[in-house]
Undergrad: 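Take a look at the following structure, please.
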Amino acid sequence: MPNTALLTQSFSRVPKGSGSKELPERYKYLNRKTAAEGIVMLKNENSLLPLKNENVAVFGRVQLDYFYVGNGSGGDVRYPYLVNLMQGIEGRINYNKELAAVYLEWCEQNPAEYSIEWAKWTTHHPEMPLCEEAMKKSATSDIAIAIIGRCAGEDADTTLEQGSFYLTDAETAMLDKVTAAFRKTILIINSGNIIDFSWYKKYEGKIGALLYVWQGGMESGNAIADVLTGAENPGGKLPTAIAYHYEDYPTAKNFGNMDYNNYEEDVFVGYRYFETFAKEAVLFPFGYGLSYTSFSIDPADVKPQMGEDICVQVKVKNMGVMAGTEVVQVYYSAPQGVLGKPVVALAAFGKTKLLAPGEEQTLSLNFPLYFMASYDDAGKTGNKSAYVLEAGDYIIYAGNSSRNIRKAGTVTISELTLHTQLQEAAALDPACGFKRLTTDHTLTKKYEDIPTRTVDLKERILDNLPKEIPQTTGNDYTLSDVKCGKITLEDFVATLNMQELEALTRGDFIMHSKLGAPGNAGVFGGVIESLREKGVVPVTASDGPSGLRLEVFSALLPCGLALSSTWNTELIKELATYQGEELNTKGSHVILAPGMNILRDPLCGRNFEYYAEDPILSGKIAAAMVQGLQTHGKSACPKHFAANNQESNRRINDSRISERALREIYLRGFEICVKEAAPKNLMTSYNRINGVWGHYHYELCTIILREEWGYTGNILTDWWMQKAQDPNFPALTNDAYRIRAQVDVLMPGGHDHYSTDGDGSLLKSYEKEGGITLAEIQRSAVNNLKFNLGIE
Ligand code: BGC
């Protein structure tokens, strides 16, 4: 048991939980293991780490007042216990007790305050001023550890201010004093987001080791101690590049606007931009992370496989004296043609087993040719709205960061090849045109107009209306009759009256619905008596990405970026399998996770919930999560579909993106997750995407998600939605507009008032000229009930 005398902070934003605090030992172990594997070691000069029984002076109040997770729906888990840094190192590391006592006393006298006001989150805790006495007490120690913590949350972005993105004066003063007093300092950054690194050069020679430990959930302190002591050899790799200055990020001038952001950087997001145009701006590249050992990474020749897969065999050998794991990353470099391309992009990755010194392993890493194709949204190659492979050499590399790579081989495409013909979808509105970044063989920055919408959405929808299921009366079928094969789901839906059909398109109106497990985020499915009589179960949906958010105690998982930094899909899947079982024992059917939006900009308040700036990493980690979560019959709910990359004014903000960047970057992760893991539910986003709200987006939800990718599950809105009239079908407002897009369930339901027909907007246009059709309402009922059918 952790020493509770060292747990000073109340972590008071989250009310106390109820029920049993017991968790399976293996689940706790997996939380600790994941938090440890997710720690990224960015520097370790002269093998300062692991510690060798030196006496360590620990500085920074965050040693006690630790940040375990971010804020909002993705953070409010009633955790059964927490382990802070000092609890974690207690008994395992020889630390300076006198200095620790100074911090303990000061933290008790100056308790960490947590704002309980929504979106006014605590971003940091004011640092303890380092007095003479504290420095004197630390003088007997051999090494210093300094820890700095940050936090962000939902509905508010990180700001370019001290205590948010930047260090505070007090933190800088602490670093000044500590690095002046000690020959070497180990710096630990405890943050769910990337923070400023412009201070780095100043302390470079004095910081011997640097660990980015993210927010590791309830096992945080144990995980850090595991790495500091060498019980765990760090194997984490950055899921996002770290630049020196905020202004270096390609999104910096197009982030934070209230009405809209032009995604001018286009496909050049994160390392794709830095590696192509601004190598020198990067302090730590994407995919980077050190180990206590070293590895040789030897790619063998690239072998084209049967079908369209490309296979890269990579031999990894542990060249050091300590056992460890290595993440092998396969990148490709596509030839510059008429479509500008980043000089490198991730195609596949894999993690070795724990390799003993001298041991080697050959990894076979496969990826589809499709990942190397570019989407031609302008028709510049003569193939508009298609994935194409431009002619030339596609160089395949393997290595352990976007920068440290070796050529593995070449795939030559002798002539321009049309890979997949699709149809234009979700293109930019002509009234909102702007220029995007591109390049050519000179790798200089060029700008070009983004192609805008040319298709008539109205016609497209009318050509694609579903067929009505003829309604029947006089049968008292239940869903069990479908389960046992007596009737089809369509037969059952035929028996539902309009009131029942309407009820299936929205939740039980409120969060904490009485129909679900206490603390739920909402309930859908059997929300009215007559549906329940027909065997439709009320489905409990609960947050979220860092653990189950119910009134009962539940495991607090490492935050999203800690999970993805492991690059270990097997580990994530096993962890999620335990969480899937937790859903069962705690009475939830759908967990509103994973959060998998792209880390477009370091200031997005929810980056801590998400996985990466790269869609392949994000998609693969999300797929592992979904596979694990759904092992025990319940459902994951990947979110927020799509391009929810900013929290400020998130309900209105328009993400203006070229169709190419949308497909290659912002949708690709969802595509991988849907195709590899078949989530049973999926959540739309609050924001607009090229002028249309996620919850009304026919082209995203019906054309791309369902028709192109084959998604057959249920779609939920994010909580409540914006009222709007369908510009193509003026008779349709709110729920009717949404159902036409095939966004099946409004969560948690209702608009202004809670009545039995929602806000009346679904059926208002039914049976009227140009109104919503029975077939569309029935289609959503089928989507919704498919999941209900699988519930025990
Ligand atoms: C968030 C979702 C969350 C939902 C329910 C919304 O504010 O954006 O991610 O699942 O609330 O709590």
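Counting starts at 1 for both ligands and their atoms, in listed order.
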Undergrad: Name each N or O atom in ligand 1 that is under 3.5 Å from a protein N or O, and give the partner atom and the distance.
TA:
from	atom 1	to	atom 2	distance (Å)
ligand 1	7 (O)	E154	OE2	2.5
ligand 1	7 (O)	R650	NH2	3.4
ligand 1	7 (O)	Y686	OH	3.0
ligand 1	8 (O)	E154	OE2	3.3
ligand 1	8 (O)	R606	NH1	2.8
ligand 1	8 (O)	R650	NH1	3.4
ligand 1	8 (O)	D718	OD1	3.3
ligand 1	8 (O)	D718	OD2	2.6
ligand 1	9 (O)	R606	NH1	3.4
ligand 1	9 (O)	R606	NH2	2.9
ligand 1	9 (O)	K639	NZ	2.9
ligand 1	9 (O)	H640	NE2	2.8
ligand 1	10 (O)	D543	OD1	2.6
ligand 1	10 (O)	K639	NZ	3.0
ligand 1	12 (O)	D543	OD2	2.5
ligand 1	12 (O)	R549	NH1	3.3

Undergrad: Who passes salt bridge (Lys or Arg N to Asp or Glu O under 4.0 Å) against K620, sequence neighbours left out?
TA: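 Salt bridge (Lys or Arg N to Asp or Glu O under 4.0 Å) check on K620 returns E676.
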Undergrad: Is the NZ or CZ atom of K680 positioned over F787's six-membered ring, under 6.0 angstrom from the centre and within 45° of the axis?
TA: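 Not satisfied by the 6.0 Å and 45° rule.
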Undergrad: Tell me, please, whether Y260 has R656 positioned over its six-membered ring: NZ or CZ under 6.0 Å from the ring centre and within 45 degrees of its axis?
TA: yes
Undergrad: With sequence neighbours excluded, what pairs up with D543 under the salt bridge (Lys or Arg N to Asp or Glu O under 4.0 Å) test?
TA: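 For D543 the salt bridge (Lys or Arg N to Asp or Glu O under 4.0 Å) partners, ignoring immediate neighbours, are R549, K639.
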Undergrad: Does the structure place the NZ or CZ of R78 under 6.0 Å from the centre of the six-membered ring of F553, at an angle of no more than 45° from the ring's axis?
TA: no
Undergrad: Does K675 have any salt bridge (Lys or Arg N to Asp or Glu O under 4.0 Å) partners at least two apart in sequence or in another chain, and if so, which?
TA: E671
